[in-house]
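These figures come from a predicted structure and were not determined experimentally. Quick note on labels: first sequence line is chain A, next is B, and so on, each numbered from 1.
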Amino acid sequence: MEGLRVLFVDDEDDFRETIVKRLNARKIQAMGAESGVRALEIVKDNDFDVIVLDVKMPGMDGIETLRHIKQMKPEIEVIMLTGHASVEFGLKGMQLGAFDYVMKPAPLNELLDTINQAWSKKRGLH
Amino acid sequence: MDRNYRMLWWRHCLAIIGFSVIPLLFVNLSLYGLFDRIYTDKVTETLRTSVENRRDAIDLFFNERIAQLFTIANTNTFADLTDETYLGRLFEIMHTKSDSYMDIGIIDSEGNHLAYVGPYHDLLKSVNYKNEPWFNEVRAKGIHISDIFMGYRKFPHFILAVMVRDKNTSWILRVTINLKNIDDIVEKAWTGTMSDAFLINSKNRLQTVPRFGGEFLAVPTVPQYTTSSLEPVPYPDFSSTVKTKVERLSLRGYEAFIAATPVQHTKWVLVLKESPDEILSPLVKGKYWMALLTALGLAIIAAGAALFTNGLINRIRETDRENAAKSDMLLQANKMVALSKMAAGIAHEVNNPLASISEKAGWLLDLLAEEDLAASPNFAEFKESVEKIEHHVERARKIIHNLLGFARRMEPAKEKININNLLDETTGLLENEARYVNISIDKQYADDVPVITSDLSQIQQVVLNLLNNAIDAIGSDGTVTVGSRYLDKTDQVELWVADTGKGIPEAELDKIFEPFFTTKAVGKGTGLGLSISYSIIEKLGGAMRVQSKVGEGTVFTITLPKN
């Protein structure tokens with residue numbers, strides 16, 4: 001997965017930072033963003049292949065952030081991160097152009113699989 | 001809500017009886033009062049007629065005697081009449097057709113007894129009446145009827161005298177009347193067994209002998225009906241009666257009707273006495289009949305009230321029971337909604353820290369793999385601990401998954417299901433396990449169970465859960481009964497799983513559908529099985545019930561709509 005650029009957006013610091021570290025450990029260029037607004041700033045200045053976006057965040061929520069990202073850079077694949085009780089937001093995200101959704105808490109391997117599929121799609125492998 | 005049904009029964013019953021009895025008694029009493037008044041009026045009238053009839057008979061008797069005496073006086077000369085032989089012949093003629101007269105006499109204006117025919121000739125012939133009170137009275141009034149008196153004869157009698165005026169002289173024709181004539185007339189008024197009649201004079205002295213006690217010339221007294229020897233009680237004094245009157249009074253505590261009327265030509269009063277017991281006996285009978293009918297009516301009302309109230313109270317009791325059951329069900333449903341909301345909330349809140357813990361543990365494992373810590377003496381301990389953290393996070397994740405499964409709104413599938421086949425397949429999954437612990441599975445399927453439209457896998461999950469519970473409840477050696485039937489009244493299918501296990505105490509019965517309630521040992525069950533089953537069946541439009549008796553076993557019953 002070398003060369004894969006991922007932005008991980010989640011307001012839960014421990015969770016976000018650890019995931020970013022673990023992705024980096026797997027040779028993925030991962031960055032973290034603690035809010036939707038911060039994510040948009042980063043996306044404006046940087047290019048990413050895949051963005052993992054938490055649905056429930058204070059301030060701008062995942063769905064709103066997704067809309068802005070798809071306006072700004074529609075080529076980036078987005079994976080929605082949902083809780084069990086908010087599966088409908090994952091589905092809504094997919095209607096708005098997200099690649100897929102993953103239910104939290106998911107084992108890292110499951111998340112990596114989905115990220116990989118999204119990357120493959122972006123590269124036109126599927 | 002607990003009603004006091006006994007109290008309600010009594011209150012209702014008494015209210016019915018009260019409202020029925022009061023008008024009944026009112027009508028009966030006023031009817032009786034009316035009846036009593038009318039009948040008393042009639043009795044009074046009868047008594048008045050009766051006493052006046054007797055009096056008229058006495059009056060007629062006197063009028064006839066007086067007329068006869070005047071006829072004799074005016075058709076015979078004074079000289080003839082003073083001839084005792086002539087007078088004797090005349091008296092004989094008078095006597096042949098009537099035994100009214102006892103003797104006859106002629107008295108001149110000086111009181112000398114000029115002629116006498118009768119049994120007391122020697123005694124009376126020489127008597128001079130000039131100073132007798134009746135002699136002066138007959139001279140003043142022309143006619144005189146005396147009271148009863150003993151006179152010279154020393155025997156009770158009365159006399160009738162008329163005065164005859166002849167040119168320049170006057171004389172008196174006097175007869176003694178046989179008392180029996182008056183007695184006969186008066187005695188005819190003794191109609192009933194208790195009635196009495198007698199004559200009194202102006203001094204309230206008896207002129208005839210009453211039927212019940214009393215003597216000539218005595219004051220009339222009330223007869224003693226009882227054996228108690230009290231002083232004789234006199235009748236009220238009617239001697240001054242001038243017009244017929246009827247009174248109802250109490251004599252010695254006994255009711256009596258008394259009629260009194262004055263007799264013409266005399267100062268006598270005829271008194272008639274009747275006992276109300278006798279004369280009013282139809283009324284008394286009527287009173288008993290009315291009392292009997294009233295008592296009968298009361299009994300019928302009381303019995304009717306009791307029967308009607310019984311029915312009503314039973315209906316109320318039944319309705320209360322149904323309402324209680326309904327509100328129990330509603331309460332249970334509300335509790336489930338609240339609990340599922342709470343479960344969803346808790347699951348979500350626990351999810352975030354759990355995700356962080358999971359990632360931190362994963363990161364530690366990543367690092368352990370990277371670093372060359374294998375040489376560290378505690379490497380194995382580190383690794384095992386981190387793996388344990390991951391393991392328990394996984395366990396917590398599953399619990400939350402189940403919890404959310406309970407809370408999640410499911411969209412059930414709609415497919416055609418043969419319930420008996422479903423039960424067969426599901427029990428098939430556990431038959432080996434059951435046989436191993438010596439539990440037999442008894443199948444009681446009804447043939448008329450129709451194909452229903454519902455969610456096959458969810459019902460299967462519920463049945464499997466119930467079967468597992470049943471086998472767990474028995475432990476070993478017992479029977480699990482699985483059955484089905486069609487409820488044609490409500491167009492529902494009912495299926496049940498019964499076990500011969502240890503049963504569930506009553507206190508726990510209403511908690512078993514709540515999430516996290518379990519009787520299994522810690523770590524053996526999550527306590528989510530029955531609550532999930534309950535919410536699955538609810539979402540399928542059905543209902544799930546439990547009945548249990550400690551020591552006998554438990555039955556779970558599920559009803560599902562046909563469509």
Q. At their closest point, which heavy atom of B/Lys360 faces which heavy atom of A/Thr18, and how far apart are they?
A. NZ-OG1, 3.0 Å

(Q) Can you give me the closest heavy-atom contact between B/Ser358 and A/Arg22, atom names plus distance? (A) O-NH1, 4.3 Å

Q: Could you pull out all residues at least two apart from B/Asp499 that satisfy salt bridge (Lys or Arg N to Asp or Glu O under 4.0 Å)?
A: none

(Q) Does A/Leu108 form a side chain to side chain contact (heavy atoms under 4.5 Å, CB included) with B/Glu359? I'd like the steps, not just the answer. (A) CA-CA 8 Å; A/Leu108 188 66; B/Glu359 288 315 314; 4.0 Å; yes

Q: Could you walk me through whether A/Lys21 and B/Asp366 pass the side chain to side chain contact (heavy atoms under 4.5 Å, CB included) test, one step at a time?
A: CA-CA 10 Å; A/Lys21 273 194 267 184; B/Asp366 287 354; over 6 Å; no

Within the supplied structure, the quantity of interest is the number of heavy atoms (other residues, nucleotides, ligands) at a distance under 6.0 Å from [X] [atom1]; does it exceed 12?
| X | atom1 | answer |
| --- | --- | --- |
| A/Lys70 | NZ | yes |
| B/Gln547 | CD | no |
| A/Lys73 | NZ | yes |

Working to the nearest 0.5 Å, report the span between [atom1] of [X] and [atom2] of [Y].
| X | Y | atom1 | atom2 | answer |
| --- | --- | --- | --- | --- |
| A/Phe15 | B/Ile357 | CZ | CD1 | 12.0 Å |
| A/Lys104 | B/Asn352 | NZ | CG | 4.0 Å |
| A/Asp10 | B/Ser356 | CG | OG | 8.0 Å |

Q) Which members of residues 31-54 of chain A, sorted by number, sit under 4.5 angstrom from chain B on a heavy-atom basis? A) none

Q | Structural part of A/Arg26 lying under 4.5 Å from a heavy atom of chain B | A | side chain

